[in-house]
There are 2 protein chains.
Amino acid sequence: MSSGSDQQDIKRDKILDAAYQRFLHYGYSKTTMNEIAGDLSLSKALLYYYFPDKSQLYIDVMRKLAGEYIETLESKLNQFDNLKEAFISQIDAQHDFIVKNYNFFDFFRVNEQNLPDTIWEIITEIHQTELTLLSAAIKIEADKGNIKPVANPIEVVDLLLDALHGVRVSAVSHKKVMFPKKEHLDEIHSKRLMLLDIFVKGLMY
Amino acid sequence: MSSGSDQQDIKRDKILDAAYQRFLHYGYSKTTMNEIAGDLSLSKALLYYYFPDKSQLYIDVMRKLAGEYIETLESKLNQFDNLKEAFISQIDAQHDFIVKNYNFFDFFRVNEQNLPDTIWEIITEIHQTELTLLSAAIKIEADKGNIKPVANPIEVVDLLLDALHGVRVSAVSHKKVMFPKKEHLDEIHSKRLMLLDIFVKGLMY
DNA sequence: AACTGACTATTTAAACAAAATTATCAATAA
DNA sequence: TTATTGATAATTTTGTTTAAATAGTCAGTT
């Protein structure tokens with residue numbers, strides 16, 4: 001896949017890690033290439049040897065995070081007792097992902113409207129994975145006869161994910177803030193479970 | 001309620017109308033008090049005789065719009081054939097309200113985080129009305145035996161409204177824009193109906 | 001009480017310089 | 001040839017000043 005040497009890949013990865021820490025703690029715009037280089041006792045110029053520019057560095061960190069998220073999601077959704085549990089796994093995984101990397105995503109808030117296409121591709125890939133895994137779960141449960149046959153499982157999953165997203169958005173917009181604080185998270189979580197409960201019942205006979 | 005004379009109220013209302021037109025066509029920040037006064041062939045100073053400042057004028061227009069919205073909602077939800085139809089009425093009413101006054105709400109986008117408390121009160125009032133009317137509908141249907149008894153109807157309605165909101169938010173965030181365009185509206189609408197369908201089934205026996 | 005013209009106060013916009021930061025590159029060491 | 005750097009160029013952000021636009025006030029008129 002990558003054409004560089006092992007050594008090169010290792011260093012590349014170290015840079016990614018250092019960059020991640022900075023982005024996570026200070027956000028995109030408040031971390032400089034100098035600081036990242038400094039953390040590794042390297043010259044800034046070397047960063048440009050490994051990465052074409054700052055935004056590409058950020059995107060590659062993002063890509064790495066997304067890959068890890070997708071991995072945990074796949075391992076979690078490999079086995080489940082019932083449909084509801086499968087969805088709960090997804091809810092929890094996504095929740096942890098967002099909480100853990102909260103500050104990292106300030107790039108998204110700042111660039112709001114015009115995120116680079118590459119970022120959108122990553123977001124789409126994550127979403128696609130969620131759709132695939134969860135719709136597979138629906139199919140399995142439908143085959144077992146635990147729920148009604150579903151004509152278009154992907155569409156249904158898409159709908160549920162949108163709805164769950166709404167619980168988060170509404171919870172914070174009522175509180176006059178854009179992103180949820182710690183104390184809201186429990187509320188969001190329990191609301192989601194309640195919604196999930198009704199939704200799954202709506203899929204049953 | 002108001003302590004002014006009839007004449008005063010009529011003029012006040014004319015100002016509100018003129019202001020509404022300006023806000024609707026050009027948004028809050030791009031309409032000046034001079035222009036509003038000019039439209040009515042009045043002096044700017046007179047506007048300050050009727051309203052303490054520009055933002056209060058905007059808020060009072062908003063209050064008027066909200067009142068009208070609540071009225072249509074109440075009349076629509078006065079009678080309904082089944083629960084699903086009641087919710088559809090709400091969805092449609094809200095949809096029309098937002099589409100019609102799309103530009104008027106640019107004030108919300110600009111001031112995003114720190115909307116005045118008064119605006120939040122109006123939003124809360126609207127939300128409260130929706131909760132009251134729709135939870136009443138749920139109670140009626142439950143009493144009729146058309147759906148399962150619901151322990152806390154308000155909570156359930158709140159949840160559904162959040163979920164429906166999510167359909168709108170997600171639909172646009174996938175499209176890389178903040179507010180839905182005409183061509184997305186049909187998609188949102190049909191997704192909402194689908195969600196509503198599953199949700200209502202989840203409330204049945 | 002309803003209204004205005006002329007005024008002041010505040011906010012926004014433009015222009016510009018200074019500072020910070022990104023990005024490049026010729027030179028050097030491994 | 002690959003990895004690395006210091007010095008430097010290019011660009012973006014930040015701060016400052018000034019001018020213009022707009023909000024808001026008020027003494028005085030109808």
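In what follows, every chain begins at residue 1, and chains take the letters A, B, ... in the order their sequences are listed. It should be emphasised that the depicted structure is a prediction, and the values quoted were computed from it without experimental measurement.
Computed from coordinates, the A:Leu46 CG to C:dA29 P distance equals 17 Å when rounded to whole Å. Remark: P of C:dA2 and CG of B:Leu42 are 13 Å apart, rounded to the nearest angstrom. Nucleotide D:dT4 holds its P atom 14 Å from the CZ atom of A:Arg12, rounded to whole Å. At whole-Å resolution of the value, NZ in A:Lys11 and C1' in C:dA30 are 12 Å apart. For the pair A:Leu47 CG and C:dC25 C1', the computed distance is 16 Å after rounding to whole Å. In this structure, CG of A:Leu40 is placed 16 Å from P of D:dA3, rounded to the nearest angstrom.
B:Arg22 pairs in a side-chain hydrogen bond (donor to acceptor under 3.5 Å, both in side chains) with only one of the listed residues (B:Thr31, B:Asp17, B:Asp39), which is B:Asp39.
Checking the phosphate oxygens (OP1, OP2) of C:dA23, no side-chain nitrogen or oxygen of A:Tyr49 falls inside 4.0 Å. Between B:Lys30 and the phosphate of D:dT22, there is no side-chain N or O to OP1/OP2 separation shorter than 4.0 Å.
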- Using a cut-off of 4.0 Å between protein heavy atoms and nucleotide atoms, how would you tag nucleotides 23-30 of chain D 5' to 3' with B, S and -? BBBB----

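A donor atom on one side chain and an acceptor atom on the other are found under 3.5 Å apart for A:Gln56 and A:Asp60. A:Tyr20 and A:Asn101 form a side-chain donor-acceptor contact under 3.5 Å, judged by distance and modelled atom types alone. Side-chain N/O atoms of B:Ser55 and B:Asp53 include a donor and acceptor closer than 3.5 Å.
For A:Tyr58 and A:Phe104, the gap between ring centers is short of 6.0 Å. Ring to ring, A:Phe23 and A:Phe107 are not that close: their centroids are 6.0 angstrom or more apart.
Across all strands shown, B:Phe51 has no heavy atoms under 4.0 Å from either base or sugar-phosphate atoms.
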